[in-house]
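Encoded as structure tokens, the structure appears first; notes follow it.
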Number of protein chains: 2
Amino acid sequence: MQEIERFLRCPTPEAWLAAVPDHLDVLLIDHANCEKKAAGTALSLLYRYVDHPQLLMRLSKLAREELRHFEQVLSVMRKRAIEYRHLSASRYAGGLRDWGRTHEPARLVDVLLIGAVVEARSCERFLRLQSVLDDELAEFYRGLCESEARHFRIYLDYAAEVSPEPIDERLASLLALEASLIESADDAFRFHSGVPG
Amino acid sequence: MQEIERFLRCPTPEAWLAAVPDHLDVLLIDHANCEKKAAGTALSLLYRYVDHPQLLMRLSKLAREELRHFEQVLSVMRKRAIEYRHLSASRYAGGLRDWGRTHEPARLVDVLLIGAVVEARSCERFLRLQSVLDDELAEFYRGLCESEARHFRIYLDYAAEVSPEPIDERLASLLALEASLIESADDAFRFHSGVPG
């Protein structure tokens with residue numbers, strides 16, 4: 001996991017962690033949403049990139065894993081009698097998406113880089129959450145961390161593979177943006193929100 | 001499987017079966033597309049119906065199963081050196097979709113009924129295909145049939161559960177439309193196309 005911590009430009013702020021116990025229901029509902037969206041993103045790539053057979057296979061497996069996590073979050077919610085309600089989207093995902101280029105092959109490279117960064121941040125948050133959650137939830141999140149780290153690798157490696165030029169510069173720009181979304185004040189508490197304020 | 005055959009209003013026409021050997025690549029590519037779309041439909045319901053916790057769990061599992069089938073079709077294609085290319089959508093899915101009502105709760109009922117009918121037809125076709133495929137493909141499709149039959153049940157039962165009125169009339173109208181799409185001439189050969197012509 002040190003790889004993930006070195007990869008990201010900043011750790012999750014203490015203020016976000018401190019807000020978790022008062023927002024446990026939102027944390028879980030938004031986490032369920034994140035797993036759905038991760039599966040949805042992978043699925044949308046299955047539609048667009050049928051000429052990348054290796055990518056199709058990896059993404060389909062990844063989508064299945066995200067859906068399994070979604071079901072696990074649903075089970076935790078049911079056990080705790082947390083009702084699933086609609087939540088507005090987090091600023092984070094939209095902020096990253098807007099950064100992506102829209103012409104190919106840059107579009108694919110950027111979507112994969114965003115995927116890598118989101119998986120890395122999720123993994124980092126799962127680990128940092130350990131200190132503020134009860135034992136049952138802490139263990140649940142520890143268990144999910146490994147697959148997020150694997151997904152991070154899949155996205156990052158494939159981005160490097162399909163990019164016609166080195167990805168370093170593009171990745172640095174994305175990581176700087178991501179850190180600014182994580183470190184700045186954010187109105188709504190969400191799984192990937194910034195500093196509560 | 002007799003349940004499925006009794007449920008549908010017509011069997012797959014012989015003329016469609018006769019066209020299969022000359023369109024094996026299209027059959028497999030369009031089948032891969034169908035599995036993706038089935039997963040996509042289930043996923044879109046996960047977004048829209050967060051107030052149906054039981055449905056969410058069942059649909060997420062169903063989507064995972066469709067994605068596993070997608071991966072299996074990809075493997076068959078790779079083994080046979082069939083290249084994945086874009087195919088126009090089949091008349092079938094659009095024809096059924098247009099039949100669905102757009103106001104709730106009718107919208108959910110209709111989407112579930114359409115799901116049931118598509119799974120039933122897929123199952124029926126998987127079985128009928130046995131007579132025109134080589135041993136390896138015949139076995140592959142026989143293996144998939146069981147889960148399609150299970151998905152058919154999930155969709156049909158849940159439609160009956162959430163519908164404020166008996167589903168019989170609505171289902172009869174849908175099955176008549178489905179039979180007309182299957183029995184009439186269709187320009188493009190696809191997994192769910194009508195009589196080639």
Side-chain angles (χ1 to χ4, degrees), chain A residues 25-26 28-90 93 104 147 151 154, chain B residues 25-26 28-90 93 104 147 151 154:
Chain A
D25 56 340
V26 172
L28 285 164
I29 296 170
D30 196 49
H31 178 201
N33 286 342
C34 290
E35 299 288 359
K36 261 195 302 201
K37 280 181 202 163
T41 300
L43 207 67
S44 71
L45 298 178
L46 295 189
Y47 280 100
R48 206 176 303 130
Y49 299 104
V50 297
D51 50 337
H52 290 254
Q54 272 207 317
L55 182 67
L56 296 184
M57 199 61 112
R58 289 185 224 168
L59 285 177
S60 179
K61 286 180 186 179
L62 184 149
R64 282 200 283 128
E65 208 155 26
E66 310 283 16
L67 286 170
R68 203 159 47 78
H69 296 170
F70 171 69
E71 293 158 33
Q72 289 170 332
V73 185
L74 284 186
S75 296
V76 171
M77 285 169 57
R78 184 161 53 192
K79 217 168 149 185
R80 295 178 180 235
I82 295 171
E83 212 167 304
Y84 205 146
R85 60 181 193 272
H86 277 286
L87 285 181
S88 61
S90 130
E104 298 292 358
S147 16
H151 297 171
I154 289 173
Chain B
D25 55 342
V26 172
L28 285 164
I29 295 171
D30 196 49
H31 178 202
N33 286 343
C34 290
E35 298 289 358
K36 261 195 302 200
K37 279 180 202 164
T41 300
L43 206 67
S44 71
L45 297 177
L46 295 189
Y47 280 102
R48 207 176 302 130
Y49 299 104
V50 297
D51 50 336
H52 290 253
Q54 272 206 317
L55 182 67
L56 296 185
M57 198 62 111
R58 288 185 224 168
L59 286 177
S60 179
K61 286 180 187 180
L62 185 150
R64 282 200 283 128
E65 208 154 28
E66 309 283 16
L67 286 170
R68 203 159 46 79
H69 296 171
F70 171 69
E71 293 158 33
Q72 288 170 332
V73 185
L74 284 187
S75 297
V76 171
M77 286 168 57
R78 185 160 52 190
K79 216 167 149 185
R80 293 177 181 235
I82 295 171
E83 211 168 304
Y84 206 147
R85 59 181 192 273
H86 277 285
L87 285 182
S88 61
S90 132
E104 297 295 358
S147 19
H151 297 170
I154 290 173

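Note that these values count all heavy atoms, side chains included, but never hydrogens, waters or copies made by symmetry. Please read these numbers as outputs of a predicted model, since none were measured by experiment. So you know, we letter chains A, B, ... as the sequences are listed, proteins then strands, and number each from 1.
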Is it the backbone or the side chain of [X] that comes under 4.5 Å from a heavy atom of chain A, or both, or neither?
X: B/L56; answer: both
X: B/R58; answer: neither
X: B/S44; answer: neither

Practice task
Find the distance between CZ (B/R64) and NZ (A/K61) and round it off to the nearest 0.5 Å.
Solution key: 14.5 Å
Practice task
Check side-chain hydrogen bond (donor to acceptor under 3.5 Å, both in side chains) between B/S147 and all other residues, then give those that pass, not counting sequence neighbours.
Solution key: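 B/S147 satisfies side-chain hydrogen bond (donor to acceptor under 3.5 Å, both in side chains) with B/H69 only.
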Problem - Closest contact, heavy atoms only, B/F70 versus A/L46 - result: CE2-CD1, 3.8 Å
Completion exercise
Smallest heavy-atom separation, A/G40 atom then B/L43 atom, equals CA-CD2, 3.3 Å
Handout entry: Per-residue contact mode, A/R85 against chain B (heavy atom under 4.5 angstrom)
Key = backbone
Exercise for the section: Sort out for me which of B/E83, B/R78, B/R68 touches chain A most, counting heavy-atom pairs under 4.5 Å. Expected result: B/R68
Practice task
Against chain A, work out which of B/H86, B/E71, B/M77, B/E66 has the most heavy-atom pairs shorter than 4.5 Å and name it.
Solution key: B/E71
Practice task
Tabulate, in ascending numerical order, the residues of residues 28-38 of chain A having at least one heavy atom closer than 4.5 Å to a heavy atom of chain B, or enter 'none'.
Solution key: A/K36, A/K37
